[in-house]
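Okay, so here's the structure we're looking at.
By convention in this document, chain letters (A, B, ...) are assigned in the order of the sequence lines, proteins followed by strands, and residues within each chain are numbered from 1.
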Number of protein chains: 2
Amino acid sequence: MTRTSRDDVVAAAGRLFAERGYHGTSMRDLGKELGLLGSSLYSHVDGKQQLLVEVVNRGAGFFQQSADAALATQGSASDRLWALVDGHVGVVLDHRSEVRTYLNQAEALHDEFRASVIAARDRYEEAFRTVLKDGAADGSFRSDVDPPITAIFILSILNAVDRWYHEDGRIDRDALVSDIFDFTADGIS
Amino acid sequence: MTRTSRDDVVAAAGRLFAERGYHGTSMRDLGKELGLLGSSLYSHVDGKQQLLVEVVNRGAGFFQQSADAALATQGSASDRLWALVDGHVGVVLDHRSEVRTYLNQAEALHDEFRASVIAARDRYEEAFRTVLKDGAADGSFRSDVDPPITAIFILSILNAVDRWYHEDGRIDRDALVSDIFDFTADGIS
DNA sequence: CCTACCGATCGGTAGG
DNA sequence: CCTACCGATCGGTAGG
């Protein structure tokens, strides 16, 4: 056991916030997770709310990085949509705590920070809307696709992944991405 | 102002649990919502956890009623899927507090109750799996549809509705149901 | 449904 | 990072 870093504290906060919720986690719980007292955390961070802000910002950052990379992908709109789906699944599975906290605990943020999360989500969603609009225009997708609502449907599927998917189940990560993409592209008919 | 009924207390608890979360709501908050003191609530209910159980059970009940009715629908598997989607959207929009609490606050339930919620969710999901299997067998849907995973995708879209949909927006309730059904049936290609 | 209260726990601080 | 603590708030109870 070496000494606890600030990063360790934020990571542990992410885990507990994801599991028990922000209000369900006390600073003493968090201290225990790290093998120290609740009061000792204040030499690493200013307070509990700051920890939530930091975890949520990490979550938002992972998603935005993924979207930026996906939009830079060469190829058709369909290829870029695949990259968005693949990237989103990767973020969810590689950063579960931060993602869960980002998706479910943002309501515990103070007003200013919550507003910036809403803005970040909209910016991320915009990547999906853009790809859908491009694909509807160039014939990759049906011309009557409604980008805003379709983006919401796709993101609903993607954001729910962390609620049910287990890496050791019957479908691996690539199959999951394929299944989501195929469902989105072709539906069940 | 007439006197407060037990139902009023459960309904108010649903609203606050949905908005602020179980751990973010105190009995004093709940009393204030009803115009009385926190301690006065104990003449109506045994405790805070019991209130959560009751709200969650109401949410579960609405969904199961809807599924039972949808499965009894005459017609094709496709008609029954429509009925499931339509019923789910109705439950979400008519009982937002209970639904939000059911979907997002079940983790705050004590073990035994949380287990029964998981069982209720599985039972409800089974209705979707059944319809998908029937439809894949009789040609209503593609024969290679994977019922368990497809049920999850459809429910992911349905459960997210309460996170973004506003009844006074550009699409009304029937259009929402159509959009979800069409996306599920045909995708975007 | 209120008054008056209980022990426990909360986020956080001073000082080392 | 701990000791020792602060005032505030928590879920809940006794008695009316």
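For His44(A), a side-chain nitrogen or oxygen approaches OP1 or OP2 of dC1(D) to under 4.0 Å. Considering only side-chain N and O atoms, Tyr42(A) lies under 4.0 angstrom from the phosphate OP1 or OP2 of dG12(C). OP1 or OP2 of dC1(C) has not a single side-chain nitrogen or oxygen of Ser43(B) nearer than 4.0 Å. The side chain of Ser26(B) places no N or O atom within less than 4.0 Å of a non-bridging phosphate oxygen (OP1 or OP2) of dT9(D).
Residue Arg28(A) has its side chain nearest to dC10(C) when only dC5(C), dC10(C), dC1(D) are considered. Listed candidates were dG11(C), dG11(D), dC1(C). Nearest to the side chain of Met27(B) is dG11(D). Counting only heavy atoms from C-beta on, Ser39(A) has its side chain closest to dG12(C) among dG11(D), dG12(C), dC1(C).
For Leu41(A) and dG12(C), the CG to P distance is 11 Å, given to the nearest whole Å. Between Leu16(B) atom CG and dG11(D) atom P the separation is 12 Å, expressed in whole Å. Spacing between atom CD of Gln49(B) and atom P of dG11(D) amounts to 12 Å, rounded to whole angstrom units. His110(B) has its NE2 atom 12 Å from the P atom of dG11(D), to the nearest Å. We find that CG of Leu37(A) is positioned 13 Å from C1' of dC5(D), with the value rounded to whole Å. Residue Lys48(A) contributes atom NZ, which lies 19 Å from atom P of dA8(D) at whole-angstrom precision. Between Arg20(B) atom CZ and dC10(D) atom C1' there is a gap of 15 Å when expressed in whole angstrom units. Distance NE2 (His23(B)) to C1' (dG11(C)): 17 Å, rounded to an integer number of Å.
Residue contacts shown for Leu36(B) are limited to sugar-phosphate atoms, with no base heavy atom under 4.0 Å away. Gly47(A) comes within 4.0 angstrom of the backbone, heavy atoms only, and of no base.
Gln49(A) and Leu109(A) get closest at one heavy-atom pair: OE1-CA, 3.3 Å.
Under the Watson-Crick or G-U wobble criterion, with both distances below 3.5 Å, dG15(C) is paired with dC2(D). Using the Watson-Crick or G-U wobble rule with both distances under 3.5 Å, dT9(C) pairs with dA8(D).
In this structure, His88(A) has its ring center under 6.0 Å from that of Tyr124(A). Residues Tyr102(A) and Phe62(A) keep their aromatic ring centres 6.0 Å or farther apart.
Counting heavy atoms from C-beta outward, Arg163(A) and Asn159(B) have side chains that stay 4.5 Å or more apart.
When the shell of 6.0 Å around CD of Glu167(B) is examined, it contains more than 12 heavy atoms from other residues, nucleotides or ligands.
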